[in-house]
Amino acid sequence: MELRRTNPACNCVLLCGITLCLIFGINLTFAIELYAPAEVLVENGTTGILKCSFKSREVISSAATVIWSFSPAGSDAGSAVSIFYYTSANHYPGSVAQFKDRVKWAGDLNKKDASVHLIEAQFNDNGTYSCAVINPPDISGTAAQTQLKVVIKESLPQDNTAVVVAAVCGAVIGLILISVVTCLIIKRHQTTHEYEGVPCLLFSV
């Protein structure tokens, strides 16, 4: 049986045709990249922010959707429940009574921000919060996760900025006091020398 050689020109045309079909005939889908801090500390009874940002190859559309889920501390990932939805500039609460009226939208999809506020944080809010974003045709990749720890005020990390400012102010006040004391000492010595020179002047006259 005689084998026929394939014409290279035909192969080139076929390859170009497949490439064009892929470019114009198929709407490519990419996974959205999501980012969130690994851990967030919030003082008990205060409002905290759960941050989430993302990258999408597509222009943000009206169909873009954000979903926040919660998994209690010590439970497995399969126990996560949805607590907040945001789409078409509207937000919808989940079915968990614990978070009723306590999760508010704080993001801006045009700025790739999908953050939410958690109002009046409670100790039983401790757990894993997951952020997922869908921006058709792009789909959500691996959800961004944040570990929330609700603590008392004394457990929050100290603000180093306040400590530095206080130290600088203390140093400035100390320098001013040293300068004032030094000036007083010099002035006192000058006055003493003036008094000591008066009898000499009288005796010489």
Quick check: do [X] and [Y] have side-chain heavy atoms less than 4.5 Å from each other?
{"X": "Leu34", "Y": "Cys131", "value": "yes"}
{"X": "Trp68", "Y": "Val103", "value": "no"}
{"X": "Ser79", "Y": "Pro72", "value": "yes"}

Salt bridge check: are Glu39 and Lys149 linked by an N-O gap of less than 4.0 Å?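 Salt bridge flag = yes for Lys149 with Glu39.
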
Smallest separation among heavy atoms of [X] and [Y], with atom names:
{"X": "Ser56", "Y": "Asn135", "value": "OG-ND2, 3.1 Å"}
{"X": "Glu58", "Y": "Asp138", "value": "N-OD2, 3.5 Å"}
{"X": "Thr146", "Y": "Pro37", "value": "OG1-O, 2.7 Å"}
{"X": "Ser88", "Y": "Ser62", "value": "OG-O, 3.0 Å"}
{"X": "Asn44", "Y": "Ala121", "value": "OD1-O, 3.1 Å"}

Pairs satisfying salt bridge (Lys or Arg N to Asp or Glu O under 4.0 Å), at least one member in residues 89-99, at least two apart: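 Found none.
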
Hey, could you give me the [atom1]/[atom2] distance between [X] and [Y], rounded to the nearest 0.5 Å?
{"X": "Lys111", "Y": "Ile60", "atom1": "NZ", "atom2": "CD1", "value": "13.5 Å"}
{"X": "Ile49", "Y": "Lys104", "atom1": "CD1", "atom2": "NZ", "value": "15.0 Å"}
{"X": "Glu120", "Y": "Leu118", "atom1": "CD", "atom2": "CG", "value": "9.5 Å"}
{"X": "Ile119", "Y": "Thr47", "atom1": "CD1", "atom2": "OG1", "value": "5.5 Å"}
{"X": "Lys55", "Y": "Tyr35", "atom1": "NZ", "atom2": "OH", "value": "4.0 Å"}
{"X": "Asp125", "Y": "Phe123", "atom1": "CG", "atom2": "CZ", "value": "10.5 Å"}

Under the side chain to side chain donor-acceptor pair (under 3.5 Å) rule, collect the residues that match up with Ser115, sequence neighbours excluded.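 Partners of Ser115 under the side chain to side chain donor-acceptor pair (under 3.5 Å) test: Asp113.
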
Give a yes-or-no answer on whether the side chains of Thr87 and Thr65 include a donor-acceptor pair shorter than 3.5 Å.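 Thr65 and Thr87 do have a side-chain donor-acceptor pair below 3.5 Å.
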
Do [X] and [Y] sit in the same hydrophobic cluster, where Ile, Leu, Val, Met, Phe, Trp and Tyr count as joined when their side-chain heavy atoms come under 4.5 Å apart?
{"X": "Val133", "Y": "Ile67", "answer": "no"}
{"X": "Ile152", "Y": "Leu148", "answer": "yes"}
{"X": "Phe99", "Y": "Tyr85", "answer": "no"}

Can you list the steps and then say if Tyr86 with Val116 is a side chain to side chain contact (heavy atoms under 4.5 Å, CB included)? CA-CA 10 Å; Tyr86 182 88; Val116 293; over 6 Å; no

Can you sort out the partners of [X] under side-chain contact (heavy atoms from CB on, under 4.5 Å), two or more places apart, ordered by chain and number?
{"X": "Thr142", "answer": "none"}
{"X": "Asp101", "answer": "none"}
{"X": "Glu43", "answer": "Thr46, Lys153, Leu156"}

Partner set under salt bridge (Lys or Arg N to Asp or Glu O under 4.0 Å) for Lys100, not counting sequence neighbours: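 Once residues adjacent in sequence are excluded, Lys100 has no partner under the salt bridge (Lys or Arg N to Asp or Glu O under 4.0 Å) criterion.
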
Give me the ring orientation class for Phe84 and Trp105: parallel if the planes are under 30° apart, tilted from 30 to 60°, perpendicular past 60°.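 Rings of Phe84 and Trp105: parallel, under 30°.
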
Check the pair Tyr129, Ile83 against side chain to side chain contact (heavy atoms under 4.5 Å, CB included), reporting the backbone distance first and the verdict last. CA-CA 9 Å; Tyr129 291 78; Ile83 60 173; 3.9 Å; yes

Backbone N or O of Gln145 within a donor-acceptor pair of the Ser130 side chain at under 3.5 Å?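 No; judged by distance alone, with no hydrogens or angles, the pair does not exist.
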
